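All residue numbers in this chain count up from 1 along the given sequence. Please read these numbers as outputs of a predicted model, since none were measured by experiment.
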Amino acid sequence: MLDAAQRRLRALFTAPEGVAAALREAGDPDGRSLADFVVGDARAGAVARLEVYANAYFARLLEVLTEDFGALAAGIGADGMNDVATAYLGACPPRRPSIRHAGDRLAAFLAEHPAALPFRRRWPWCADLARLETAILDAFDAEDAPLLAREALAATPPDDWAALRLRLAPCVRVLRLAWPVVEMREAHEREEAPALA
């Protein structure tokens, strides 16, 4: 029963048009089906209470996406980021419990999803910038790789150096980007206006 209630609440919290619209669509405009697990009172009914949580859920995810994709948010502005987040979360709701992964599919969404076409037209560089910022997040959060110690190198005879195989850390990504979005990211880090129009 708890599992069913949690699934129901999640569906209502993440409904694109809000809790009331989701209930109307389900044939329960008064929210009578909520009576078993949401209590209303004179100040706020069950639907209004759930709307508060649904709005907080979206606001927190928008905040996380804005922090994780700071240069993108700066480049497209607060209203643009709100629109991108709304479309993205509607098409790609989080699949993992940690909000750290909320934006894992943002770059692919911006590059390929039909719902992102208006964003690609207005900001053709947005998918590249999201890819860059995703790679930075992944590198920052990746497990530490073993380092090549100076002592180990010093113990290797110089004649054997040519045979050494050096590898990049597993978190390193090589990106092919069509737009010079590194400039935008660097401008954002310097707290300057976006460098790319």
Side-chain angles (χ1 to χ4, degrees), residues 14 16 57-156 160-197:
T14 59
Y57 172 79
F58 174 77
R60 180 62 182 129
L61 289 176
L62 173 61
E63 180 183 21
V64 167
L65 292 172
T66 300
E67 288 173 11
D68 287 351
F69 298 90
L72 176 66
I76 65 177
D79 289 343
M81 192 64 184
N82 185 79
D83 293 346
V84 165
T86 300
Y88 168 66
L89 294 170
C92 306
R95 297 181 292 192
R96 297 168 75 176
S98 171
I99 58 174
R100 157 54 184 97
H101 303 285
D104 282 357
R105 298 176 286 162
L106 181 60
F109 168 79
L110 289 170
E112 302 162 5
H113 201 281
L117 183 59
F119 309 128
R120 288 194 295 275
R121 286 183 177 151
R122 185 166 181 194
W123 305 293
W125 41 263
C126 66
D128 273 2
L129 185 52
R131 287 180 63 217
L132 174 63
E133 292 194 291
T134 298
I136 291 169
L137 284 168
D138 291 346
F140 184 79
D141 287 346
E143 284 187 44
D144 291 334
L147 299 176
L148 177 60
R150 182 180 182 145
E151 297 77 24
L153 211 56
T156 304
D160 294 345
W161 282 29
L164 288 178
R165 295 187 67 199
L166 301 178
R167 294 183 185 95
L168 296 173
C171 66
V172 173
R173 300 285 179 267
V174 176
L175 302 176
R176 295 187 191 281
L177 305 169
W179 295 89
V181 293
V182 172
E183 295 172 17
M184 290 187 77
R185 175 67 189 194
E186 289 172 348
H188 172 70
E189 288 174 356
R190 292 188 306 267
E191 297 181 4
E192 296 174 358
L196 182 63

Query - Aromatic ring pairing Phe119/Trp123, orientation class (parallel under 30°, perpendicular over 60°, tilted between) - result: parallel

Report task. Please assess Asp104 against Arg96 for the test side chain to side chain contact (heavy atoms under 4.5 Å, CB included), listing each intermediate value before the final yes or no. Result -> CA-CA 10 Å; Asp104 282 357; Arg96 297 168 75 176; 3.7 Å; yes

Requested in this report: Kindly determine whether Leu164 and Leu153 satisfy side chain to side chain contact (heavy atoms under 4.5 Å, CB included), including the steps that lead there.
Outcome: CA-CA 10 Å; Leu164 288 178; Leu153 211 56; 3.8 Å; yes

As an exercise, state the distance from [atom1] of [X] to [atom2] of [Y], rounded to the nearest 0.5 Å.
{"X": "Ile136", "Y": "Cys171", "atom1": "CD1", "atom2": "SG", "result": "11.5 Å"}
{"X": "Ile99", "Y": "Tyr57", "atom1": "CD1", "atom2": "OH", "result": "10.0 Å"}
{"X": "Leu61", "Y": "Thr66", "atom1": "CG", "atom2": "OG1", "result": "10.5 Å"}
{"X": "Glu63", "Y": "Asp68", "atom1": "CD", "atom2": "CG", "result": "10.5 Å"}
{"X": "Glu133", "Y": "Asp138", "atom1": "CD", "atom2": "CG", "result": "12.0 Å"}

Requested in this report: Start with the C-alpha gap between Met184 and Trp125, add the side-chain angles, then the distance that decides, and say whether side chain to side chain contact (heavy atoms under 4.5 Å, CB included) holds.
Outcome: CA-CA 10 Å; Met184 290 187 77; Trp125 41 263; 3.6 Å; yes

Which atoms form the tightest heavy-atom contact between [X] and [Y], and what is the distance?
{"X": "Leu62", "Y": "Ala85", "result": "CD1-CB, 3.6 Å"}
{"X": "Pro93", "Y": "Gly90", "result": "CD-O, 4.2 Å"}
{"X": "Ala187", "Y": "Ala193", "result": "CB-O, 3.5 Å"}
{"X": "Leu106", "Y": "Leu72", "result": "CD2-CD2, 4.0 Å"}
{"X": "Ala71", "Y": "Arg185", "result": "CB-CA, 3.9 Å"}
{"X": "Phe109", "Y": "Ala91", "result": "CE1-CB, 3.7 Å"}

Query - Lys/Arg N to Asp/Glu carboxylate O, Asp128 vs Arg176, below 4.0 Å - result: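 Not counted as a salt bridge, because no side-chain N and carboxylate O are separated by less than 4.0 Å.
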
Decide if atom [atom1] of [X] counts as having more than 12 heavy atoms of other residues, nucleotides or ligands within a radius under 6.0 Å.
{"X": "Glu189", "atom1": "CD", "value": "yes"}
{"X": "Asp141", "atom1": "CG", "value": "yes"}
{"X": "Asp79", "atom1": "CG", "value": "no"}

Query - Close side-chain approach of Phe69 to Cys126, heavy-atom, < 4.5 Å - result: no

**Report entry** Test item: Leu129 and Trp179 side chains (from C-beta on) under 4.5 Å apart, heavy atoms
**Finding:**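 No, side chains not in contact.
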
Query raised in the report: Short question: side chain of Arg120, backbone of His113 - any donor-acceptor pair under 3.5 Å?
Result: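 Yes.
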
Query - Under 3.5 Å donor-acceptor, Trp161 side chain and Thr156 backbone - result: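 Between the backbone of Thr156 and the side chain of Trp161 there is a qualifying donor-acceptor contact (under 3.5 Å).
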
Query raised in the report: Which residues satisfy the side chain to side chain donor-acceptor pair (under 3.5 Å) test with Arg105, sequence neighbours excluded?
Result: none

